[in-house]
Amino acid sequence: MKAIVHIDGDAFFAYCEVAQNERLRGKPVVTGQEKGIAIAVSYEAKARGVSRGMLMGDIRKLVPDIIILPGNYDLYKVISQRMYRIVKRHAPIVEEYSVDECFADISDQSDSWEELVGIARTIKRDLEQDLGMTFSLGLAPTKTLAKVASKWVKPAGFTPMQERDRENFLKDVPIGAVWGIGRAMSAEMQKLNIRTALEFTQKSQSWIEEYFSKPTQELWYELNGVQMHKVGQGNLEKHKSIRATRTFRPPSKNLAFILSELSKNTEKACGKLRKHNLQSKNIYFFLKTQAFMYKGFELKFTAPVTIPSEIMNAVKENIHKIFRSDTQYRATGVVLNGISPASVHQPDLFNMNEKIDNRKIVYENIDAFYKKYPGAIFLASSLQAITQRKKNQIKNKDQEMHNLCLRLGFPYWGEAV
DNA sequence: TCTGGGGTCCTAGGACCC
DNA sequence: TCTGGGGTCCTAGGACCC
């Protein structure tokens with residue numbers, strides 16, 4: 001018998017804060033102070049009308065005694081790792097799906113449904129006792145059904161879904177609420193007169209194969225209780241790509257400004273790359289137009305890179321392939337693909353290693369310095385992006401550090417680096 | 001919701017090759 | 001070789017997720 005548990009932390013970031021500070025318990029709490037919008041909302045705050053994405057100013061008006069906290073992502077990560085450890089005590093196969101969610105395959109633990117339910121309950125009890133916060137769990141024959149089940153009762157819910165009650169659940173699930181059905185697919189389903197998950201599952205296999213592509217076909221099987229997606233044991237640490245993007249306002253058609261935004265994003269992405277001791281070979285950079293269209297270009301390096309100025313030189317050479325001076329852009333982004341551990345050093349033919357190594361040493365120093373004074377160092381090519389923020393009166397940590405940097409007379413690191 | 005940021009996976013269609 | 005058919009590889013962009 002297939003038995004998959006889906007485990008979902010309730011308003012995870014908010015209750016991590018509560019678990020760390022008992023005085024917050026029972027009070028309305030939101031995180032996201034540094035972004036100015038609510039990122040996580042405790043159920044006490046939800047009960048009083050606060051929702052995700054709401055502006056902090058509006059929240060204060062609505063709930064004067066609200067507790068607003070900045071995100072503490074290191075803390076959430078530590079608690080997340082404890083969560084995985086607890087689940088792994090009871091299940092051999094655990095997929096770390098996101099910081100607050102995981103799947104566990106307990107199929108082989110027992111042939112009795114009652115016992116499987118017992119195991120899931122034990123996982124829930126241990127999580128809540130050890131971590132001081134609540135979780136919602138679903139137990140079902142496939143991952144997709146387990147997702148439906150864990151959402152059924154929230155917060156602190158536990159919902160077992162056996163094959164025989166599957167249809168009873170699915171008749172009340174709007175098709176757009178199913179994991180894997182987004183806005184576009186949802187609209188298509190409406191056109192085909194499919195409103196609920198049950199209606200979708202009742203279509204014939206041949207009909208599904210005619211109308212939908214692979215991912216949606218797999219969803220059909222999953223919702224019909226046939227496992228298509230195994231619980232993988234992948235670790236979130238192994239990323240395949242690293243990305244940095246930023247939206248700016250107002251939109252711009254100024255090439256120099258856009259290049260400076262790309263430079264900023266490149267520095268950010270490379271910082272993350274070096275922090276994880278990785279290197280990248282394929283770098284994709286893109287512009288996002290005001291009309292939400294993307295135009296991008298992929299740079300392929302023969303030897304892996306970790307250093308922003310090398311990338312920016314190539315970006316500048318190629319930007320004209322995607323940039324149109326008559327188009328307004330609202331964001332830029334840089335994606336590092338082809339990632340490998342930095343220790344795998346590819347010797348290159350032209351004996352450039354010495355030069356590269358010197359730069360690496362400089363950047364090792366920069367990374368150490370950055371830890372002490374976040375935001376204090378950046379490429380000269382990022383300068384315009386930073387001064388633009390000043391114009392926009394955006395007060396944030398970066399800006400403060402920039403001012404501090406000016407006051408203290410730190411040098412800017414130019415492209416000579 | 002006129003729309004943030006960081007990820008993954010899929011696919012149509014172009015390039016290239018018999 | 002004005003022109004068929006079919007395979008493979010690659011990439012830009014779409015769709016979805018948290």
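Chain identifiers are assigned alphabetically (A, B, ...) following the order of the sequence lines, protein sequences preceding nucleic acid strands; residue numbering begins at 1 within each chain.
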Aromatic ring centroids of [X] and [Y] under 6.0 Å?
{"X": "A:F200", "Y": "A:W207", "answer": "no"}
{"X": "A:F248", "Y": "A:Y329", "answer": "no"}
{"X": "A:F158", "Y": "A:W152", "answer": "no"}

Tabulate atom names and distances for all N/O pairs under 3.5 angstrom spanning the protein and nucleotides 8-11 of chain C.
from, atom 1, to, atom 2, distance (Å)
C:dT11, OP1, A:K300, NZ, 2.3
C:dT11, OP2, A:K300, NZ, 3.1

Is the shortest side-chain N to carboxylate O distance from [X] to [Y] below 4.0 Å?
{"X": "A:R82", "Y": "A:D130", "answer": "no"}
{"X": "A:K264", "Y": "A:E267", "answer": "no"}
{"X": "A:R330", "Y": "A:E261", "answer": "no"}

**Prompt:** So, is A:R246 close to the B:dG6 phosphate, meaning a side-chain N or O under 4.0 Å from OP1 or OP2?
**Reply:**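 False: A:R246 side-chain N/O out of range (4.0 Å or more) of B:dG6 OP1/OP2.
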**Item:** Contact under 4.0 Å: A:T247 side-chain N or O vs B:dG5 OP1/OP2
**Value:**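 Yes, within the criterion.
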**Per-pair stack call A:F292 and B:dT3, 5.5 Å, 30°** =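 Stacking between A:F292 and B:dT3: present.
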**Atom C1', compared across C:dC18 and B:dC2: separation rounded to whole Å** =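 One C1' to the other, the span is 22 Å.
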**Item:** From A:N72 atom CG to A:Q20 atom CD, the distance as rounded to the nearest 0.5 Å
**Value:**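 Result: 8.0 Å between the selected atoms.
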**Item:** Parallel, tilted or perpendicular: ring planes of A:Y15 versus A:Y43, cut at 30 and 60 degrees
**Value:**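 Rings of A:Y15 and A:Y43: parallel, as their planes differ by under 30°.
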**Request:** Give the ring-plane orientation class for A:Y76 versus A:F13, where under 30° counts as parallel, over 60° as perpendicular and anything between as tilted.
**Result:**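 Ring orientation, 0 to 90° scale: parallel.
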**Item:** Range-with-range stems for DNA chain B, at least three Watson-Crick or G-U pairs under 3.5 Å
**Value:**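 B:5-18 with C:5-18 - these are the stems of 3 or more pairs that involve DNA chain B.
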Proximal nucleotide (of [options]) relative to the [X] side chain:
{"X": "A:K295", "options": "C:dC17, C:dG13, B:dG6", "result": "C:dG13"}
{"X": "A:R183", "options": "B:dG6, C:dC18, C:dC16", "result": "C:dC16"}
{"X": "A:R243", "options": "B:dT1, C:dC18, B:dG6", "result": "B:dG6"}
{"X": "A:R249", "options": "B:dT3, C:dC18, C:dG14", "result": "B:dT3"}
{"X": "A:M293", "options": "C:dC16, B:dG4, C:dG14", "result": "C:dG14"}

**For A:L139, the option from A:V5, A:I4, A:L145 that meets side-chain contact (heavy atoms from CB on, under 4.5 Å)** =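 For A:L139, the side-chain contact (heavy atoms from CB on, under 4.5 Å) test succeeds with only one of A:V5, A:I4, A:L145, which is A:V5.
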**Request:** Let me see the working for A:E128 and A:K124 under salt bridge (charged side-chain N to carboxylate O under 4.0 Å, His left out), right down to the final yes or no.
**Result:** CA-CA 6 Å; A:E128 294 182 344; A:K124 179 173 156 70; 2.8 Å; yes
Using a 4.0 Å heavy-atom cut-off across all strands, classify [X] as base, sugar-phosphate, or nothing.
{"X": "A:I181", "result": "sugar-phosphate"}
{"X": "A:V178", "result": "sugar-phosphate"}
{"X": "A:K240", "result": "sugar-phosphate"}

**Request:** Nearest-nucleotide wise, let me know which of A:A244 and A:A291 is further upstream toward the 5' end of DNA chain B.
**Result:**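 Taking each residue's closest nucleotide, the earlier one in sequence belongs to A:A291.
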**Item:** Whichever of A:N337 and A:Q290 has its nearest DNA chain B nucleotide further upstream toward 5'
**Value:**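 Nearer the 5' end of the strand: A:Q290.
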**Prompt:** For DNA chain B, what residues of residues 185-214 of chain A have any heavy atom nearer than 4.0 Å?
**Reply:**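 Residues of residues 185-214 of chain A under 4.0 Å from DNA chain B: A:S213, A:K214.
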**Item:** Over-ring placement of A:K288 relative to A:Y294, 6.0 Å and 45° cut-offs
**Value:**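 Pair A:K288/A:Y294 does not count as cation-pi.
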